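Heads up: the structure comes next, in structure tokens.
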Protein chains: 2
Amino acid sequence: MTETGIGTSRSTPATLHDVAREAGVSLATASRSLNGSTRKVNDEYRKRVLDAAARLDYSPNLSAQAVARGTTTTVALLVADIADPYFSSIAAGVVAEADHERLIVTMAATERDPERELELVRTLRGQRPRVMILAGSRPTSDPTEGALGEELAAYERSGGRVVLISRNEFDFRTVIVENTAGAEALARELVGIGYRRFAVITGGEGLRTAADRVEGFRAGLAAAGGTLDDEHVVRAAFTRDGGYDGMRQLIESGLDGIELVFAANDVMAVGALSAVRDAGLTPGTDVAVAGFDDIPTVRDVTPALTTVRVPLEELGRRALRLALGDESASSEGAVRTEVVLRESTPGITR
Amino acid sequence: MTETGIGTSRSTPATLHDVAREAGVSLATASRSLNGSTRKVNDEYRKRVLDAAARLDYSPNLSAQAVARGTTTTVALLVADIADPYFSSIAAGVVAEADHERLIVTMAATERDPERELELVRTLRGQRPRVMILAGSRPTSDPTEGALGEELAAYERSGGRVVLISRNEFDFRTVIVENTAGAEALARELVGIGYRRFAVITGGEGLRTAADRVEGFRAGLAAAGGTLDDEHVVRAAFTRDGGYDGMRQLIESGLDGIELVFAANDVMAVGALSAVRDAGLTPGTDVAVAGFDDIPTVRDVTPALTTVRVPLEELGRRALRLALGDESASSEGAVRTEVVLRESTPGITR
DNA sequence: GTGAATCGAGATAGCGCTTTCCCGCTGATA
DNA sequence: TATCAGCGGGAAAGCGCTATCTCGATTCAC
């Protein structure tokens, strides 16, 4: 095992006490000079403290500050899966905004398990974060149903701020995404370019986001004149492989005249695309595919994927701003989505 | 602004003191029952404390524990860009392993800016994390050169553990990836299936990881009999768009008989693929493309991308284990890579 | 039966900070 | 000259915990 070469003598980090002594001032003065205080401190003294701090390479102990101040500079972020581009984009937004506010982000992954989620909220509460952001909806039929709400409420009662991203299940601040409206608009446009017979691949039982999107899609079809039979709605995991499986399932049952398959999110759609290809068919031509989210990847798959753009980073940004009480963040209403037609839905001339 | 409906009376979280009082025992006993201690505590007392804690919904203040114990349960993770699949996969690994060790991960993004990186290290040091993991290499020609090393060394001196992922620039513990060997193997295999004339798209000036991969690729070609002219090595940003630009550049200068373009990482390769298509050419057929990393996406692009697999999640896991002093993690040597041939390099019969 | 261990609960001294509170000082006011 | 606000530095009381220390009550050996 390699040792660092730059010096080996083990020492504890300099404390404020050390700085004060080195500067020849009191602890109070040192504290006041280093971390803004309402009280002024003589320039001469301040300079001495700053110099001493630099000399000792002092770095304030955030835990100690937290204890003394009774408040932290931490934001806790809970996502289903960090490697999923949907969540990593949101996370990037949260981190960027947090950095801007000089806050520190701690991150955890629920792996889509409600029990884990509850557990994590409990643990993270110990950090006394200023804000807790939860992204990714849960099954509505959830054994821990009330418990999470209780826990979050308790957290808010003790001064924290909860913000949910695109999961309107509790009565907390929420960054609302136009899931329903976006899917509806998508459906209309697809009918507009000639598609009539649709199928849908959606997430597991009762995932709220998925449900909203499917519902919106249905509504759009109903209004515009497309058909979606119930047996053409397949459920699968809310992941790339889920999308693959769902599409394979549809193909195996004969495709049955289906012209376009709408997957409730892009990672599923991308999986679906691959399933189409693996079945020896040509996506776009033999069967069109559309997704939802507009994750970065979908520009680069072939055919490029038609989808509904959700400004994911912005979601993360907004969540934090909302938590911090930024009025504009809340007054902006639901986050706008936008249909993006690409080659995966070339259209049908009838 | 919505208020939570579940109860509004604002209160501070229960403290250990509250629990002790509620249970009718001393602070010390409460502490001992709730958080493991070497000392035993009477079952009767322990139960009373546990009950009281549950009743008050007590959650220990981690900051206070950190101050009292003089050690935290935090891991700090620095990556270049959270939304980049390379880093988000690594992050997922770190978080998973951390969770397993009951540690908490705080995350920050350097955005590939050395100044920012240094700044972040300074800030995060205030957290007194047990471990600091840095992923993503920096330009070798870096204005802050020594400063980062100094800072990290100081951190280690004060008892922390630094682990670098795939950036062998300092003398700290490092998770080494077989960048050179992997690229060399790739080159050999590509020559083996008939390619002779190559081009390379690599990252900005002096990025270590990129440099190693290119060097390995060169060595492989030299050994197996492929050619790579210096004017066919283009530099671009280490991102999807960089890859796109790099490929466009190559195409604009006439492709010049190039049969295969190797991009130093997958996100660049994916961008390159799109550039080929946008130029009206067929990737795989008109020009073959290969990447490095095997990020999840590349299975789903068309043609599927030939690449060198790096077990990214495992990298993150290993980094943490290494930091925690897991012997096996360090004795395993460099992380193995594996060439994965896919349709983007169908081969040439000569 | 006595002294030495042993046990385990409670009191308390910190941990590294912030923030009162106190107090000597200066300068304005009368 | 006496009075009284500021002003600003220092002492010290916490913040919510852990860990050492104290000390009475048991237990045990001989």
Side-chain angles (χ1 to χ4, degrees), chain A residues 11-50 52-53 56-74 123 125-130 158-159, chain B residues 11-50 52-53 56-74 123 125-130 158-159:
Chain A
S11 64
T12 51
T15 72
L16 187 59
H17 199 94
D18 299 332
V19 175
R21 183 152 32 71
E22 171 87 7
V25 302
S26 75
L27 206 55
T29 302
S31 170
R32 289 194 271 251
S33 337
L34 285 171
N35 319 296
S37 144
T38 41
R39 288 209 12 196
K40 263 166 80 178
V41 21
N42 185 303
D43 279 348
E44 160 67 13
Y45 281 68
R46 145 172 279 111
K47 183 171 175 342
R48 266 167 43 201
V49 172
L50 262 37
L56 299 181
D57 195 16
Y58 171 73
S59 154
N61 182 322
L62 295 186
S63 295
Q65 289 192 325
V67 173
R69 291 189 172 139
T71 139
T72 65
T73 57
T74 303
T123 310
R125 200 140 83 76
Q127 286 212 57
R128 306 284 185 270
R130 278 245 265 275
S158 67
Chain B
S11 64
T12 51
T15 73
L16 188 59
H17 199 94
D18 299 333
V19 174
R21 184 154 28 74
E22 171 86 8
V25 302
S26 75
L27 205 56
T29 302
S31 171
R32 289 194 273 254
S33 337
L34 285 172
N35 317 297
S37 146
T38 41
R39 281 201 22 195
K40 263 167 75 176
V41 23
N42 184 302
D43 280 347
E44 159 67 11
Y45 281 65
R46 146 173 277 109
K47 184 170 171 341
R48 268 173 32 206
V49 172
L50 262 36
L56 299 180
D57 195 15
Y58 171 74
S59 155
N61 183 323
L62 295 187
S63 295
Q65 288 191 325
V67 173
R69 290 189 172 137
T71 143
T72 65
T73 57
T74 303
T123 310
R125 200 141 84 77
Q127 286 212 52
R128 305 285 184 271
R130 277 243 267 273
S158 66

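The sequence lines fix the lettering, A, B, ..., with proteins before strands; numbering per chain opens at 1. This is a predicted model, so every value here is computed, not measured.
Expressed to the nearest 0.5 Å, how far OG of B/S26 lies from NE2 of B/H17 amounts to 10.5 Å. To the nearest 0.5 Å, atom CZ of residue B/R32 and atom NZ of residue B/K40 are 13.5 Å apart.
Each of A/R39 and A/P13 was matched to the nucleotide of DNA chain C holding its nearest heavy atom; the match closer to the 5' end belongs to A/P13. Map A/H17 and A/R32 each onto its nearest nucleotide of DNA chain C; the residue landing nearer the 5' end is A/H17.
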Anything under 3.5 Å between a donor and an acceptor, one on a side chain of residues 59-66 of chain A, the other on a protein residue two or more places apart or in another chain? List them.
from  : atom 1 : to     : atom 2 : distance (Å)
A/S59 : OG     : B/G126 : N      : 3.4
A/N61 : OD1    : A/S63  : N      : 2.9
A/N61 : OD1    : A/A64  : N      : 3.0

Scan the side chains in residues 67-74 of chain A for donor-acceptor partners under 3.5 Å anywhere in the protein, sequence neighbours excluded, and list what turns up.
from  : atom 1 : to     : atom 2 : distance (Å)
A/T71 : OG1    : A/R130 : NH1    : 3.4
A/T72 : OG1    : A/T74  : N      : 3.4
A/T72 : OG1    : A/R128 : O      : 2.7

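Across residues 20-29 of chain B, B/V25, B/S26, B/A28, B/T29 each have a non-hydrogen atom less than 4.0 Å from an atom of DNA chain C (numbered order).
Across all strands, A/T15 comes closer than 4.0 Å only to sugar-phosphate atoms, never to a base (heavy-atom distances).
In this structure, A/S31 contributes its side chain and A/L27 its backbone to no donor-acceptor pair below 3.5 Å.
For the side-chain contact (heavy atoms from CB on, under 4.5 Å) with B/R48, the qualifying choice from B/V19, B/V25, B/T29 is B/V25, the only one to do so.
Mapping heavy-atom proximity under 4.0 Å, the span of DNA chain C touched by chain A runs 5' to 3' from C/dG16 to C/dC21. In summary, contact between chain A and DNA chain D, defined as any nucleotide atom under 4.0 Å from a heavy atom of the protein, begins and ends at D/dG8 to D/dC15 in the 5' to 3' direction.
A rotation axis mapping the C1' atoms of four pairs onto the next four is fitted at both ends of the helix from C/dG1-D/dC30 to C/dA30-D/dT1 over five pairs, and the angle between these axes is 40° to 10 degrees.
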Task: Derivation of the side-chain contact (heavy atoms from CB on, under 4.5 Å) call for A/L50 and A/R46 - done: CA-CA 6 Å; A/L50 262 37; A/R46 145 172 279 111; 4.0 Å; yes
